[in-house]
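Bear in mind the structure is a predicted one, so any value in this text is a computation, not a measurement. Below, each value reflects all heavy atoms present in this structure, side chains not excepted, and no hydrogens, waters or symmetry copies.
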Amino acid sequence: MPKTDRRILKSQEAMKTAVIELMTEKSFDEITLQDISDRANISRGTIYLHYSDKFDLLNKLIAEHIQQLRNICRSVADLDFREAILPWFEYLEQNYLFFSTMLASKGAAYFRTQFVEFLREEFENEVKQSGEKNASISEDILLQFIVTSYVGITEWWIINNMPYSSEVMADQVGLLLDRNL
């Protein structure tokens with residue numbers, strides 16, 4: 001696999017950072033490609049070398065973070081909930097600007113939809129394997145409960161400037177998941 005030129009990576013990172021920073025200042029609909037190129041200190045042509053438009057840039061940025069979360073989930077699949085959740089909250093913490101912008105921005109409803117779908121996929125097997133513990137509860141209802149609870153606690157934690165450490169969140173959310181799955 002050929003190595004990507006550092007200048008290309010630097011330009012792509014500058015564009016991603018620019019769009020997120022701009023979304024903290026105004027709605028995504030108000031952001032222009034010129035705004036992004038000015039903030040990233042690159043030409044508009046450079047944007048078109050990598051992305052078809054601002055929507056493509058945002059979609060690829062969201063997909064990148066969802067894929068990172070998916071990779072984390074795969075790497076911790078055999079651990080108990082507390083141990084498995086800690087890398088998740090650490091990733092959210094390390095990428096606070098992205099997640100706080102996506103969860104607080106009206107222009108990022110697409111992110112929330114992708115986030116919910118990702119969590120649905122990740123928790124589906126756990127719900128199916130909960131067996132006797134949840135025999136009297138519909139799998140659909142339990143899955144919806146777990147996913148929306150997880151999204152809600154993540155939103156709350158990020159929007160409130162992470163009032164608890166990643167470790168505390170992993171412990172607490174891990175206990176809640178153990179009780180319900």
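L49 and I47 are not part of a single hydrophobic cluster, where members link through side-chain heavy atoms under 4.5 Å apart. Taking hydrophobic clusters as Ile, Leu, Val, Met, Phe, Trp and Tyr residues chained together by side-chain heavy-atom distances below 4.5 Å, M169 does not share a cluster with L86. Linking ILVMFWY residues whenever their side-chain heavy atoms come closer than 4.5 Å, directly or via other members, places Y48 and L61 in the same cluster. Both Y150 and L69 belong to a single network of hydrophobic side chains, linked directly or stepwise wherever heavy atoms of I, L, V, M, F, W or Y lie under 4.5 Å apart. Residues L176 and I153 do not share a hydrophobic cluster, defined by chaining ILVMFWY side chains whose heavy atoms lie under 4.5 Å apart.
Taking the side chain as every heavy atom from C-beta outward, W88 and V76 never approach each other to under 4.5 Å. Using a 4.5 Å cut-off on side-chain heavy atoms (C-beta onward), V173 and F81 make no contact. The side-chain heavy atoms of E121 and E124, taken from C-beta on, include no pair separated by under 4.5 Å. Residues F99 and T154 have side chains not in contact (no heavy-atom distance under 4.5 Å, counting atoms from C-beta outward). Using a 4.5 Å heavy-atom threshold, the side chains of H50 and L57 count as separate. Inter-residue side-chain proximity for V168 and F89 is flagged as unmet; no heavy-atom pair is nearer than 4.5 Å.
Across every non-hydrogen atom of S130 and L181, the tightest pair is CB-C, 4.0 Å. Listed here is the closest heavy atom pair of S43 and S37: C-CB, 3.9 Å.
Between the CG atom in N134 and the CG atom in L142 there is a gap of 4.5 Å [rounded to 0.5 Å]. Here the CD atom belonging to Q129 is positioned 10.5 Å from the CD atom belonging to E139, to the nearest 0.5 angstrom. Distance CD/E25 to CZ/R39: 4.0 Å, rounded to 0.5 Å. Taking CD of Q172 as the start and CH2 of W157 as the end, the distance is 13.0 Å to the nearest 0.5 Å. To the nearest 0.5 Å, atom CG of residue L119 and atom SG of residue C73 are 7.5 Å apart. Atoms NZ and CD1, on K16 and I62 in that order, are 12.5 Å from each other to the nearest 0.5 Å.
Side-chain atoms of Q144 and D140 include no donor-acceptor pair closer than 3.5 Å.
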| Please walk me through it: do F111 and I66 pass side chain to side chain contact (heavy atoms under 4.5 Å, CB included)? | CA-CA 9 Å; F111 169 75; I66 295 290; 4.2 Å; yes
| said: Could you go through I85 and L79, starting from their C-alpha distance and side-chain angles, then the distance that decides it, and tell me whether this counts as side chain to side chain contact (heavy atoms under 4.5 Å, CB included)? | reply: CA-CA 9 Å; I85 294 171; L79 302 176; over 6 Å; no
| message | As a quick check of understanding, evaluate salt bridge (Lys or Arg N to Asp or Glu O under 4.0 Å) for K54 and D35, giving each step before the final call. | response | CA-CA 10 Å; K54 69 179 185 176; D35 293 334; over 6 Å; no
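Geometrically, K60 does not engage Y51 in a cation-pi contact, judged by NZ or CZ lying under 6.0 Å from the ring centre and within 45° of the ring axis.
Around atom NZ of K133, more than 12 heavy atoms belonging to other residues, nucleotides or ligands sit under 6.0 Å away. The 12-atom threshold is exceeded at CG of N160, counting heavy atoms of other residues, nucleotides or ligands nearer than 6.0 Å.
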Output a table of donor-acceptor pairs, distance under 3.5 Å, between side-chain atoms of residues 91-98 and any protein atom two or more places apart or on a different chain; print 'none' if there are none.
from : atom 1 : to   : atom 2 : distance (Å)
Y91  : OH     : H65  : ND1    : 2.7
E93  : OE1    : S166 : OG     : 2.7
N95  : ND2    : Y91  : O      : 3.0
Y96  : OH     : N161 : OD1    : 2.5

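Here the two rings, on Y110 and F55, have centers that are 6.0 Å apart or farther.
Counting only distance, with no hydrogens or angles, the side chain of T17 and the backbone of A14 share no donor-acceptor pair below 3.5 Å.
Considering R120, E126, K128 in turn, R120 is the only one that fulfils the side chain to side chain contact (heavy atoms under 4.5 Å, CB included) rule with L143. For the side chain to side chain contact (heavy atoms under 4.5 Å, CB included) criterion with R44, the lone passing option out of T32, D38, I36, L33 is L33.
Evaluation of the side chain to side chain contact (heavy atoms under 4.5 Å, CB included) rule for D80 yields R82, E83 as partners, not counting sequence neighbours.
Listed by first and then second residue, the salt bridge (Lys or Arg N to Asp or Glu O under 4.0 Å) pairs involving residues 152-162 are R112-E155 (not counting sequence neighbours).
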